[in-house]
Protein chains: 2
Amino acid sequence: MAPAIPGDIPEATVARLPVYLRALQDLADENLGTVSSERLAEMAGVNAAKVRKDLSHFGSYGTRGVGYDVEYLLFQIRRELGLTHDWPCVIVGMGNLGQALANYGGFRDRGFVVAALVDADRAKVGSTIAGVEVSHLDDLASLVRHHNISIGVIATPSPAAQGVADQMIAAGISSILNFAPVVLSVPEGISVRKVDLAVELQILTFYNERRAVVGSAD
Amino acid sequence: MAPAIPGDIPEATVARLPVYLRALQDLADENLGTVSSERLAEMAGVNAAKVRKDLSHFGSYGTRGVGYDVEYLLFQIRRELGLTHDWPCVIVGMGNLGQALANYGGFRDRGFVVAALVDADRAKVGSTIAGVEVSHLDDLASLVRHHNISIGVIATPSPAAQGVADQMIAAGISSILNFAPVVLSVPEGISVRKVDLAVELQILTFYNERRAVVGSAD
DNA sequence: GGTTGTGAACAAATTCACAGCG
DNA sequence: CGCTGTGAATTTGTTCACAACC
C-alpha cells in the first residue's frame, strides 16, 4: 500500500499507467500512429487533463497540435513500469483461485511468467498445472533463487497467508500480490497489493443500497 | 468508479468499511466485547485517526474512554453497506476464472450467493459448477428476474465484456464487478468496479524497479 | 486515566484554463 | 489552428491535536 520508495511520481499516477499501457497496446494493434490525450483518456476511462498531467511527470512525450506517438509512448511507459523484460512469478496456494491464476493466459502477454507453483499440501505436489509442476512450500526459497523470482502471489486460505508472506520475504521476494482476505504485515521496502473479491462486492452493495433509498431505481 | 449517487460519505471511507467489517468479524469470533480505534486500525492496516473519522460519518458509535462495542459496530457497518440480507449474484463467463469464482467459498460468508452461472458456449450449458447449473447467456434476463439479482460479475474474455455488460444492464442489474481488462461504458446510475490482475502486478513492478535503482535491495 | 469525536492544518489528487508550441 | 504542458484553483482525503466525555 505505502510506496516502498517515495519517488517523485504520485501513487495515483502510477496506478493509472498500466491502464494507459493497455489502451496504447490496443491502438498499436490497430496501427494508429498518434493519439490525443482526449482519445487516450476515453479509452482509459479518465479525463484528458489527467492523462496530460500524468504523462507530464515523465517529461514531454507529446507533440503540441498533434498528440502522442503511440509506439514511443508505449515504450516509455513500459520502461517506467519496468516492463522491458518479463517478470517471473511464483503462485502459492493451488486451490481454486491459484489454479485459475496459473491457467490465466492474460499474464504472459502483459509481462509476467508463472515460473513456479507452490502448495503446502503434499498431495498436490508433483501434479502439473498449465505446464508447470507444483512444488512444496518448503522449496520456495530454492525456487525463488533458481528462477530469479521477485514477485509472489498469495492464493492461500487466510490463516496461511502471513506465514507464506514471511517465507516469501525471507526468500528474497520484494513484491507481493495478496488474494487472501487478511492484512499482511511486512517490513519496509516490501510492496504489497491486495485484491479482496468480497470487499469489491461489498463496496458495490453500498452504492446499490443508496440508490434504492435516494434515487429512482427505474 | 464514479459513485452513482454522490451521497455524503467520502468514497475513500466507503472503500474501507468492508475492511473494518472483516476485522470486526474476527473480533466477534474471539468474543471481544469492545475495541479501540487503535486496535481496529492495526487490524485494518490503517491509522487510528482515520478509523475514528471514517466512523464519525455515521454518528457516534463509540464510547469515550472505552472504545466501540464490537457487535453494535458490526451491525451498523453491515447496515451501512446494505449487508442486512444476502445478495444474489450472477457470474458470466465460465472459463478458468469464472469457475474459480463460482467455487470460491469466501463469498457466502460475506453476504453473497452465487444464484446463477452463465456462459455463451452451449457446450458448457447444462453442466453443474459448485452446485449451480450453467445457463446460456440468452437466459440472463429471465435468471435476473427470477432470482432478483442486482449484482453481475463479468469473467468473460475482453471482447465479450461490453456486450455482456449491456445485457446485464438491460436485464436490470445495477452493479457490475468486471474482471475483463477493458473499460466498460455504462449509463449513469450503474456502479462498476474492476479488478485487473495484470494491472496489479504492473503496479508492483514499478516500485520493484524503483527500489533497485534508488534503494538498497537488501 | 483512557478514548472518542472533530475542527483546523496539511497533503494529495483533480480539474481548470490558457500560454506556448508545432 | 489544435493539442500539449503546466501553474493556479479547487476538491478530496489524511493527519494532528485537543476538548469533551465516560
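What you see is a predicted model, and the numbers here were worked out from it, not measured in a lab. Basis for what follows: all heavy atoms, side chains included, without hydrogens, waters or symmetry-related copies. A note on names: the letters A, B, ... follow the listed sequences, proteins ahead of strands, and every chain is numbered from 1.
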Handout entry: Side-chain N,O (K50(A)) to OP1/OP2 (dT15(C)) below 4.0 Å
Key = yes

Practice task
Taking only the side-chain nitrogens and oxygens of Y68(B), find out if one of them lies under 4.0 Å from OP1 or OP2 of dG5(C).
Solution key: yes

Practice task
Identify whether any heavy atom of Y61(A) sits under 4.0 Å from a base atom; if not, whether one sits that close to sugar-phosphate; answer base, sugar-phosphate or nothing.
Solution key: sugar-phosphate

Exercise for the section: Answer yes or no: does a side-chain N or O of R16(A) lie under 4.0 Å from OP1 or OP2 of dT14(C)? Expected result: yes

Handout entry: Length of the CZ-P vector between R52(B) and dC21(D), whole Å
Key = 16 Å

Handout entry: Check: S185(B) main-chain N/O paired with Q162(B) side-chain donor or acceptor under 3.5 Å
Key = yes

Problem - Test log, rule side-chain hydrogen bond (donor to acceptor under 3.5 Å, both in side chains), inputs Q99(A) and N103(A) - result: CA-CA 6 Å; Q99(A) 289 188 35; N103(A) 280 305; 5.4 Å; no

Problem - Length of the NE2-P vector between H57(B) and dT14(D), whole Å - result: 10 Å

Exercise for the section: Would you tell me if any nitrogen or oxygen in the side chain of T63(B) comes within less than 4.0 Å of OP1 or OP2 on dC22(D)? Expected result: no

Exercise for the section: Check whether any side-chain N or O of N47(B) sits under 4.0 Å from OP1 or OP2 of dT14(D), and answer yes or no. Expected result: no

Handout entry: Atom-pair distance (CG on D54(A); P on dT6(D)), nearest Å
Key = 13 Å

Practice task
Answer whether the closest heavy-atom distance between the side chains of S37(A) and K50(A) falls below 4.5 Å.
Solution key: no

Exercise for the section: Map V66(A) and T13(A) onto DNA chain C by nearest heavy atom, then report which one ends up closer to the 5' terminus. Expected result: T13(A)

Problem - Separation of atom CG in D69(A) from atom P in dT4(D), rounded to whole Å - result: 13 Å

Fill in the blank from the handout: Heavy-atom nearest nucleotide on DNA chain C taken for K53(B) and for R64(A); more 5' hit belongs to K53(B)

Handout entry: Side chain of A12(B) - closest among dT4(C), dT14(D), dT4(D)
Key = dT14(D)

Handout entry: Other residues, nucleotides, ligands: >12 heavy atoms within 6.0 Å of Q167(B) CD
Key = yes

Problem - d(CZ, F58(A); C1', dG5(D)) in whole Å - result: 15 Å

Exercise for the section: Figure out the CG/C1' separation between L55(B) and dG5(C), and round it to whole Å. Expected result: 10 Å

Practice task
Have a look at R39(A) and say if it touches a base, only the backbone sugar-phosphate, or nothing, with a 4.0 Å heavy-atom cut-off.
Solution key: nothing

Exercise for the section: Step through the shown structure and confirm whether more than 12 heavy atoms of other residues, nucleotides or ligands are within 6.0 Å of CD on Q76(B). Expected result: yes

Exercise for the section: Starting from P on dT4(C), measure out to OH on Y72(B) and report it in whole angstrom. Expected result: 16 Å

Handout entry: Proximity to the side chain of A49(B) - top-ranked nucleotide from dA13(C), dC16(D), dC16(C)
Key = dC16(D)

Problem - Length of the line joining E11(A):CD and dG13(D):P, which is rounded to integer Å - result: 15 Å

